[in-house]
Number of protein chains: 2
Amino acid sequence: MAQTERSGCPINLTLEQLGDRWSLIVIRDMMFGNRRSFGELLAHSEEGIATNILADRLKRLTAAGLLSRAPDPAHRQKSVYSLTEASIQLVPLLAHMGAWGRRHTPVSRELSVRAELLEKGGPPLWSAFMDELRHLHLAARRPPRSVFADFQSAYEKALARRARRSKP
Amino acid sequence: MAQTERSGCPINLTLEQLGDRWSLIVIRDMMFGNRRSFGELLAHSEEGIATNILADRLKRLTAAGLLSRAPDPAHRQKSVYSLTEASIQLVPLLAHMGAWGRRHTPVSRELSVRAELLEKGGPPLWSAFMDELRHLHLAARRPPRSVFADFQSAYEKALARRARRSKP
DNA sequence: GAATACCACTTGCATTTAGCAAGCGGAAAT
DNA sequence: ATTTCCGCTTGCTAAATGCAAGTGGTATTC
């Protein structure tokens, strides 16, 4: 989708930037899954993103200032992609998408736990998460608590609960 | 975009429902512009939606339970489209899209005033607006204040301010 | 050093979606 | 009867997505 600026409405302009099938999925995976390289994003894509689409989106989002890219100091073939302040500020938007989706679409329980926590935690939790993302992606100071760790442990609990529930 | 349920993640499922170029634009126009017919949505489309896309989206959103359609009692050729509870619950999402767009995209001042009010008003204002939309679209009780009227007058003030500013 | 594996894409082709504008058929107005 | 209105539909082109093989450079293994 070309950047066409069909109108100056903020909702429209946000959609022109992010309103395709895959951009927010890439940002979600970096944000919640801490995927930072092409290979990680590809290998762990729940939705099965194609290589050409992933390459295209990483390039576009980087050009638009929503991601940044640096060489991986540990491995010369790889780049490390990071969120920028602009993409970190999408946390409330993604939280609302998660909340709406939990209510109106047939979500899987395990993949919903983060959305549930974000909804329950509200704006204070979102701010804490954004601070943590600034630490992980922008070299900001480490915040006192890890929202990320909360998400992970809730997800693992949900997986364990499911494994227990599916016992014969 | 076919409904493929590539994963059970709520963000992904929300995107599968609404993550195309036009669905949220149609919902926005119904919500904020009170456009209720095919002809109105077409004639007042700031972004110039094409007739085949509009027809397709109205059909899809209706089938998905995000819009409802009834014959227009005043005019036999027309239908009246209404938001449903599911689409009314998109207000916070659209509010956040507007807020993000105001910060990160080159918005026009006049078309941003609603987004600015929604951001300033926060969740209490969103709830009031949703109640008003339930009145307008779902025959719920009329709420005490009109958020809609606030939006309109702010928009008209911004237009007047622009007209005054462009005087030679 | 040669062979193999890894890495991030790129490519070629098919399918789907968006975009433009004329066209269609029925209803309403003149 | 003719013209206009109304909500689409259609035919065609352009753009985006999707699949899977291919490419070229780097790193590791034998």
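To find a chain, count down the sequence lines: A is the first, B the second, and so on, and within it residues start at 1. Values reported hereafter were calculated over all heavy atoms of this structure, with side chains retained and with hydrogens, waters and symmetry mates removed. Everything quoted here is computed from the prediction, not taken from an experiment.
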Which is it for B/R36 and B/S82 under the side chain to side chain donor-acceptor pair (under 3.5 Å) test, yes or no, and what are the steps along the way? CA-CA 7 Å; B/R36 306 292 292 272; B/S82 301; 2.7 Å; yes
Go through the steps for B/S79 and B/R69 under the test side chain to side chain donor-acceptor pair (under 3.5 Å), then give the verdict. CA-CA 6 Å; B/S79 298; B/R69 174 180 173 164; 3.0 Å; yes
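As rounded to whole Å, 17 Å separates atom P of D/dC5 from atom CG of B/D72. Between the NE2 atom of A/H75 and the P atom of D/dT26 there is a distance of 13 Å, rounded to whole Å. Look at CG on A/D20: it is 10 Å from P on D/dG18, rounded to the nearest Å. Straight-line distance from the CZ atom of B/R60 to the P atom of D/dC8: 15 Å, rounded to whole Å. Distance CG (B/D56) to P (C/dG19): 12 Å, rounded to an integer number of Å. Atom CZ of B/R21 and atom P of D/dT17 are 12 Å apart (whole Å). As rounded to whole Å, 15 Å separates atom C1' of C/dA8 from atom CZ of A/R76. B/L67 has its CG atom 16 Å from the C1' atom of D/dG7, to the nearest Å.
Of the charged side-chain nitrogens involved, none lies within less than 4.0 Å of a carboxylate oxygen, so that A/E119 and A/R114 do not count as a salt-bridged pair.
For the pair A/W22 and B/L58, both in contact range of DNA chain D, the more 5′-proximal nearest nucleotide belongs to B/L58. The nearest heavy atom of DNA chain D to A/Q77 and to A/A50 marks one nucleotide each, and the one closer to the 5' end goes with A/A50. Comparing A/I53 and A/R6 along DNA chain C, the residue whose closest nucleotide (by nearest heavy atom) sits nearer the 5' end is A/I53.
In this structure, of C/dC9, D/dG7, D/dA27, it is D/dG7 that holds the atom nearest to the side chain of B/S37. Among D/dT26, C/dC9, D/dG18, the nucleotide with an atom closest to any side-chain atom of A/N52 is D/dG18. You'll find that the side chain of B/T51 is closest to C/dA22, out of D/dC6, C/dA8, C/dA22.
The heavy-atom pair separating B/M130 from B/Q89 by the smallest distance is SD-CA, 4.0 Å.
Between B/R69 and D/dC8, a side-chain N or O to OP1/OP2 separation shorter than 4.0 Å is present. Under 4.0 angstrom from either OP1 or OP2 of D/dT17 there lies at least one side-chain N or O belonging to A/R57.
Aromatic ring centres of B/F151 and B/F129 lie closer together than 6.0 Å.
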